[in-house]
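Contents: one structure, followed by commentary.
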Amino acid sequence: MNCIVCMASVPDTASVIKIGGDGKGIDESGIKWIVSPYDEYALEEALQITEAQGGEVTVVTYGPDHAEAALRDCLARGAHQAVHIRGGEATLGDSLTIAKVLAAAIKDREYDLILCGFKGVGTDCGQVGQMLAELLDLPHAANVTELEVGDGSLTAGRDVEGGKEKVESPLPALLTCQKGLNEPRYAALKGIMAAKKKPVEKVEVSSLGIDEGGGGFYAVEKLELPPEKAAGTIIQGDDDASAAAAELVKLLREEAKAI
Amino acid sequence: MAGILVFVEQRGGEVRKASLQAVSEAKRQGGPVSAVLPGSGVGDAAAGLGAWGADTIYVADDAKLGFYSAEGYAEAVVKAVEQEQPSALFFAGTAMGRDLAPRVAARLGVGAIADAVGLTRDGDAFSVRRPVYSGKAFATANTGGKTPQVISLRPNVFAAEEVAGAGVVVAVDGLSLSIRALVKELIEAEGGELDVAEADIIVSGGRGIKGPENFALIKSLADALGGAVGASRAAVDAGWIEHSHQVGQTGKVVSPSLYIACGISGAIQHLAGMSSSKVIVAINKDPDAPIFKIADYGVVGDLFDVIPPMVEAIKAL
Ligand SMILES: Cc1cc2nc3c(=O)[nH]c(=O)nc-3n(C[C@H](O)[C@H](O)[C@H](O)COP(=O)(O)OP(=O)(O)OC[C@H]3O[C@@H](n4cnc5c(N)ncnc54)[C@H](O)[C@@H]3O)c2cc1C
Ligand SMILES: Nc1ncnc2c1ncn2[C@@H]1O[C@H](COP(=O)(O)O)[C@@H](O)[C@H]1O
């Protein structure tokens, strides 16, 4: 069972976001880049499947130089191969271009399963996986929290509002992975040392026949910080909780008209 | 002005509220509005969409569309696009809409913009405002001149309003359904609980509620308000409540009209899931808890002392 994991290198979720000089992207100084949290579930699932059933895990990322650190992290956790398609500065958030790049890099490889994250933290799109499935003409299941992979087919549980859908699909297939699927492992020291020696295959975007400056499918006009919120009304409830509760309910009813 | 086609989602023949919001928003944008409704036995649901602003309703009625599949539903939407030739295609940003929109877009060879919270229009071209970096920033973006412009709208941000109107129901022509990934079953959560992603009022509990048994207190407040129960990751990871209730970066992103956070500190990853709620209330005993920075109303106090009289006061309204 060969698995391909698509991994995005993203700013640490605790990062303070500042707007960059062009007003369209973030100021990247001081940002720590990590494996996008949902992609950790994708990698962990791929590792568990290959540990149980044999085969290899190949991690593919499309990104600037900073993506190599995240790729090494994946190797350290146990991935067998790593592919770094270098580029992506101009196409961040352009899900279709990203999917086209990934499709071109993946199409001639051997795989039974492609695993993505449910969404990339930062772009917050949740689109690349489904687009990649369409471009590669694969069935997919998104938002997967339960998975059984058998011989030539899989059964997945995916979260939907108020319940779970059980999906059956033949292989090869693509999944986008959600929290709840597994508990991602961290790299142990031994893995980190071994990862240093594993090669990373470098691919140039141009060699895939894709023009990054060719006018994409998602153009950012501006990026802004959220509007400052006016200070709220804070009620002291330490001494008389009942009075505070009554006042809060009154404000919600009469001022906010929320209840 | 070319029209907007809206994908409409139903479950058991009942149209989802978020889809009505998307139809209404398309109507408010002006110009012709059409809808596409895939399913099995959904004729009645289709006829009702005129009252929400759809002029033409494309119905893809087929036993194979009884359960959702991205492949089958994409076929229905793409066929309706061919018939209607819209300049934009709206989806409600539900689990289904967020899954289907990118698959449809890729099939049409266009991009997609997810999670719109604001729309401005210049002729046929939309500029879409959407949260990025988990709500730490907002981007305004467009589809680079490619059409149809595929856009999903965040639920509960755009209002659903009935209009005087009756739509014309048309069948989607020439469906060719070959579905590989098939939904076999929909397992509904126990007790038909209201899902946080759909609720208009949410009361959430965090580590401050101290134990699983105290979700009963959170639920008593949610019940009094007709709302749903949410949770922080700390409460979910402690095993006090299921992940389906988690709000935040690795949980659900919600925009209810009222969000009440009880015993939740307000970590950035929690705020990512709820900061666009219309009215935010915090109940926390620590006056310096970051949640108060984004709260419209707050009570500094012990939640075990504050919530019971709140429930009484609400019941007395
Ligand atoms: C990649 C990543 C993803 C994450 N995703 C999410 C996510 O989706 N959702 C999420 O919520 N978190 C998420 N987190 C975790 C987040 O960083 C916080 O750890 C978490 O939100 C804390 O939960 P909490 O506020 O319930 O607990 P705490 O931070 O421990 O806060 C408990 C609060 O309760 C108050 N309190 C205690 N007792 C009482 C009382 N009797 N009355 C009133 N108040 C009381 C305290 O003053 C405190 O403010 C994520 C973290 C990472 C790294
Ligand atoms: N640049 C990238 N390189 C590799 N995989 C990516 C990239 N961008 C997105 N993905 C994959 O697609 C998923 C969804 O990303 P997004 O659509 O940006 O939210 C991510 O969790 C990754 O699995």
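Chain identifiers are assigned alphabetically (A, B, ...) following the order of the sequence lines, protein sequences preceding nucleic acid strands; residue numbering begins at 1 within each chain.
Rounded to the nearest 0.5 angstrom, B/R107 CZ and A/Q130 CD are separated by 12.5 Å. To the nearest 0.5 Å, atoms CG (B/D99) and NE2 (A/H140) are separated by 3.5 Å.
Proximity to chain A is limited to the side chain of B/L225, based on heavy atoms less than 4.5 angstrom apart. Using a 4.5 Å cut-off between heavy atoms, B/E71 contacts chain A through its side chain alone, with no backbone atom that close. No part of A/A173 comes within reach of chain B, as not one of its non-hydrogen atoms sits under 4.5 angstrom from that chain. When heavy atoms are compared at a cutoff of 4.5 Å, A/V249 approaches chain B solely by way of its side chain, counted from C-beta outward. Interface remark: B/I268 contributes side-chain atoms only to the contact with chain A (heavy atom separation under 4.5 Å). Of the atoms belonging to B/V253, it is side-chain heavy atoms, and not backbone ones, that fall under 4.5 Å from chain A. For B/P287, no part sits under 4.5 Å from any heavy atom of chain A, backbone or side chain. If you measure heavy-atom distances from B/V132 to chain A, the contacts under 4.5 Å come from both the backbone and the side chain. Proximity to chain B (any heavy atom under 4.5 Å) is shown, for A/L251, by both the backbone and the side chain.
Each of A/K222, A/K250, A/E255 has some count of heavy-atom pairs under 4.5 Å with chain B, and the biggest count is that of A/K222. Counting heavy-atom pairs under 4.5 Å between each of A/A246, A/G129, A/G180, A/A256 and chain B puts A/A256 at the top. Ranking A/A141, A/P170, A/G93, A/A231 against chain B, the residue ahead of the rest is A/P170, based on heavy-atom pairs under 4.5 Å. With respect to chain B, the highest number of heavy-atom pairs below 4.5 Å among A/I26, A/I19, A/V10, A/D159 belongs to A/I26.
Although no hydrogens or angles enter the test, the distance criterion places a donor-acceptor pair under 3.5 Å between the side chain of B/K136 and the main chain of A/S15. Side chain of B/K146 to main chain of A/G216: a donor-acceptor pair is present (N/O by atom type, distance under 3.5 Å, no hydrogens or angles). Under a 3.5 Å cut-off, the side chain of A/K229 and the backbone N or O of B/I294 do form a donor-acceptor pair.
By the 4.0 Å N-to-carboxylate-O rule, A/E161 lies too far from B/K252 to be salt-bridged with it.
Residues B/Y297 and A/I235 fail the side-chain proximity criterion, which asks for heavy atoms closer than 4.5 Å. Residues A/E247 and B/V299 form no side-chain contact, since every pair of their non-hydrogen atoms from C-beta on lies 4.5 Å or further apart.
Among all heavy-atom pairs drawn from B/Q249 and A/V121, the shortest one is NE2-CG1, 3.3 Å. B/G135 approaches A/D124 most closely through the heavy-atom pair N-OD2, 4.3 Å.
A donor atom on one side chain and an acceptor atom on the other are found under 3.5 Å apart for A/T13 and B/Q269.
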